[in-house]
Enquirer: 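If you scroll down you'll find the structure; I have some questions about it.
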Amino acid sequence: MLIRLGHGAVDDYLEFLAVRCRPNTVVAAGSDLKIFFTMVGKDPVGVTTADVLGFVTAQRSVGDPDVIRLVDGESGLSARTIKRRLSSLSSMFAFLVARGDVDSNPVPAGLPTRRSRRRGRRGVPLVRTPRTLPRVVAPDEVDALLAACRRLRDRAMFEAMVFGGLRRCEVLGLRLGDLDAARRQVFIVEGKGGHQRRIPISKRWFATVGDYLRVERPVEATTDRVFVVLKGQRRGQPLSDEGLKQVFVSARERAGLRRITCHELRHTCFTRLREAGMELEALQAQAGHRSIETTRLYIHLANEWLAVEYHQAMSVIDADLFLTVGEGVGE
């Protein structure tokens, strides 16, 4: 996918990015850069740090001030969205610096403080993002969503997320040769960041996807992608990301559920696995996380697991206290 904004240097960066990243990443970066340069109205060579700081301030005021997000209690654009836009901007200027188009990157790494100056650190970030825990979908909601699926294909895609923890792009990237039904494993070729992994997945999912391949998948399909369009002019062609989104929204509405997302199904999978006793390192491999610190999130989400661990430890403490008090009785 080739994204162009009509400026030579910016388009060169997007072309460079397309070689290294997924199409969704390139589209998001193109959108972020378009928003910035439309608002600032300058050529990249003329952009200053003051322009970047003004952009941050303007972004915080975008949106309806009367609409408050339940996640962080703020209005306007979320801090994560603004941070992503700054990241896209900083990456583009790093490219231009390396190429010699500009002398320096106008996007500061952070705002200096007295302590950071003394210790040679970057200081506080331009945008603070709240550390919020993602929502875990309740079992009855998962059942309602799966029951609302009108096709085996849709059910198989959602089960891949909730039973295997696959990302949306990983579900769409599955090929027929990636499925190992005998070992109940799938090979994730198109993982996040280009990282591959082989993971186990429930036999229940293999039963569903097997029924889909046997009953619904068009025999005339020439692609080896597992999930394809089932009707219309694009019948037999790979299902697009937008197509999956539409399928998910339709099933969610039929199930009468509030706004849950595909990524929340993934979070639900890992939370339940952690609650069932799966080791953190194994969970990291299943999720495809490069850093185990990312996987530690599921320690906080797995409330039942945490409660069991706490009560087991507290029972030992209570026993020790009881023995200590008992030894002092009658003295």
Enquirer: Check whether any side-chain heavy atom of Leu89 sits under 4.5 Å from a side-chain heavy atom of Asp32, and report yes or no.
Expert: no

Enquirer: Can you check whether Met157 reaches Leu239 side chain to side chain, under 4.5 Å on heavy atoms?
Expert: yes

Enquirer: Indicate the ring-plane relationship of Phe16 and Tyr13, choosing parallel, tilted or perpendicular according to the 30° and 60° boundaries.
Expert: tilted

Enquirer: Please report the C-alpha distance between Arg258 and Arg135 in whole Å, then the side-chain angles of each, then the deciding distance to 0.1 Å, and finally whether the side-chain contact (heavy atoms from CB on, under 4.5 Å) criterion is met.
Expert: CA-CA 12 Å; Arg258 69 180 189 84; Arg135 178 178 178 268; 2.4 Å; yes

Enquirer: Any salt bridge linking Glu216 with Arg151? Criterion: basic side-chain nitrogen under 4.0 Å from a carboxylate oxygen.
Expert: no

Enquirer: Output, in order, the C-alpha distance, side-chain angles, deciding distance and verdict of side-chain contact (heavy atoms from CB on, under 4.5 Å) for Arg167 and Arg266.
Expert: CA-CA 7 Å; Arg167 300 177 177 93; Arg266 171 176 159 88; 3.1 Å; yes

Enquirer: Would a hydrophobic clustering, with Ile, Leu, Val, Met, Phe, Trp and Tyr connected at side-chain separations under 4.5 Å, put Val45 with Val10?
Expert: yes

Enquirer: A side-chain contact here means heavy atoms from C-beta on lying under 4.5 Å apart; do Phe55 and Met39 qualify?
Expert: yes

Enquirer: When clusters are formed by joining ILVMFWY residues with side-chain heavy atoms under 4.5 Å apart, either directly or through shared neighbours, do Leu53 and Ile35 land in the same one?
Expert: yes

Enquirer: Would you find a donor on one side and an acceptor on the other, under 3.5 Å apart, between the side chain of Arg234 and the backbone of Pro238?
Expert: yes

Enquirer: Work out which heavy atom in Ala94 is nearest to a heavy atom in Asn105; give both atom names and the distance.
Expert: N-ND2, 3.8 Å

Enquirer: Between Arg214 and Asp211, is there a salt bridge with N-O shorter than 4.0 Å?
Expert: yes

Enquirer: Is the backbone of Leu257 close enough, under 3.5 Å, to the side chain of Arg252 for a donor and an acceptor to pair up by distance?
Expert: no

Enquirer: Donor-acceptor check, side chain of Thr268 to backbone of Glu264, threshold 3.5 angstrom: yes or no?
Expert: yes

Enquirer: Same cluster or not: are Leu166 and Phe187 linked, directly or through other Ile, Leu, Val, Met, Phe, Trp or Tyr residues, by side-chain heavy atoms under 4.5 angstrom apart?
Expert: no

Enquirer: Can you give me the closest heavy-atom contact between Val226 and Leu176, atom names plus distance?
Expert: CG2-N, 3.7 Å

Enquirer: Indicate the atoms forming the closest heavy-atom contact of Gly164 with Cys269, along with that distance.
Expert: C-SG, 3.8 Å

Enquirer: Between Phe227 and Val171, what is the shortest heavy-atom contact and its length?
Expert: CD1-O, 3.5 Å

Enquirer: So, Arg99 and Asp12, do they make that salt bridge, N to O below 4.0 Å?
Expert: yes

Enquirer: State whether Glu253 and Arg259 are salt-bridged, where the test is any N-O pair (Lys NZ or Arg NE/NH1/NH2 against Asp/Glu carboxylate O) under 4.0 Å.
Expert: no

Enquirer: If we only count heavy atoms from C-beta on, is the Leu145 to Val162 side-chain gap below 4.5 Å?
Expert: no

Enquirer: Looking only at atom types and distance, does a side-chain atom of Asp51 sit under 3.5 Å from a main-chain N or O of Thr48, one as donor and one as acceptor?
Expert: yes

Enquirer: Strictly distance-based, threshold 3.5 Å: is any side-chain N or O of Ser87 a donor or acceptor partner for the main-chain N or O of Lys83?
Expert: no

Enquirer: Taking Thr25 for its side chain and Cys21 for its backbone only, find out whether a donor-acceptor pair lies under 3.5 Å.
Expert: no

Enquirer: Taking NZ, NE, NH1 and NH2 as the nitrogens, is one of them in Glu15 or Arg4 under 4.0 Å from a carboxylate oxygen of the other?
Expert: yes

Enquirer: Please say whether the positively charged group of Arg184, taken as NZ for Lys or CZ for Arg, lies over the ring of Phe206, i.e. under 6.0 angstrom from the six-membered ring centre and within 45 degrees of the axis.
Expert: no

Enquirer: What's the shortest heavy-atom distance between Ala29 and Leu17, and which atoms?
Expert: CB-CD2, 3.6 Å

Enquirer: Looking at Lys245 and Asp241, is any side-chain nitrogen of the basic one under 4.0 Å from a carboxylate oxygen of the acidic one?
Expert: yes

Enquirer: Kindly indicate whether the side chain of Arg153, heavy atoms from C-beta on, has any atom under 4.5 Å from the side chain of Arg217.
Expert: no

Enquirer: Could you state whether Met161 and Val189 fall into the same hydrophobic cluster, counting links through intermediate Ile, Leu, Val, Met, Phe, Trp or Tyr residues with side-chain heavy atoms under 4.5 angstrom apart?
Expert: no

Enquirer: Could you check whether the rings of Phe37 and Phe93 sit parallel, tilted or perpendicular, using 30° and 60° as the cut-offs?
Expert: tilted

Enquirer: Hydrophobic cluster membership, with links at side-chain heavy-atom distances under 4.5 Å among I/L/V/M/F/W/Y: are Val142 and Leu244 in one?
Expert: yes

Enquirer: Donor-acceptor check, side chain of Arg274 to backbone of Met278, threshold 3.5 angstrom: yes or no?
Expert: yes

Enquirer: If you define the side chain from C-beta out and look only at heavy atoms, does anything of Asp43 sit under 4.5 Å from His7?
Expert: yes

Enquirer: Which atom names give the shortest non-hydrogen contact between Ala144 and Ala255, and what distance separates them?
Expert: O-CB, 3.5 Å

Enquirer: Is the shortest side-chain heavy-atom distance between Phe36 and Leu86 below 4.5 Å?
Expert: no

Enquirer: Can you check side-chain contact (heavy atoms from CB on, under 4.5 Å) on His263 and Arg168, steps first, answer last?
Expert: CA-CA 7 Å; His263 212 65; Arg168 195 173 64 220; over 6 Å; no

Enquirer: Given side chains that start at C-beta, do those of Leu5 and Leu33 come closer than 4.5 Å, heavy atoms only?
Expert: yes

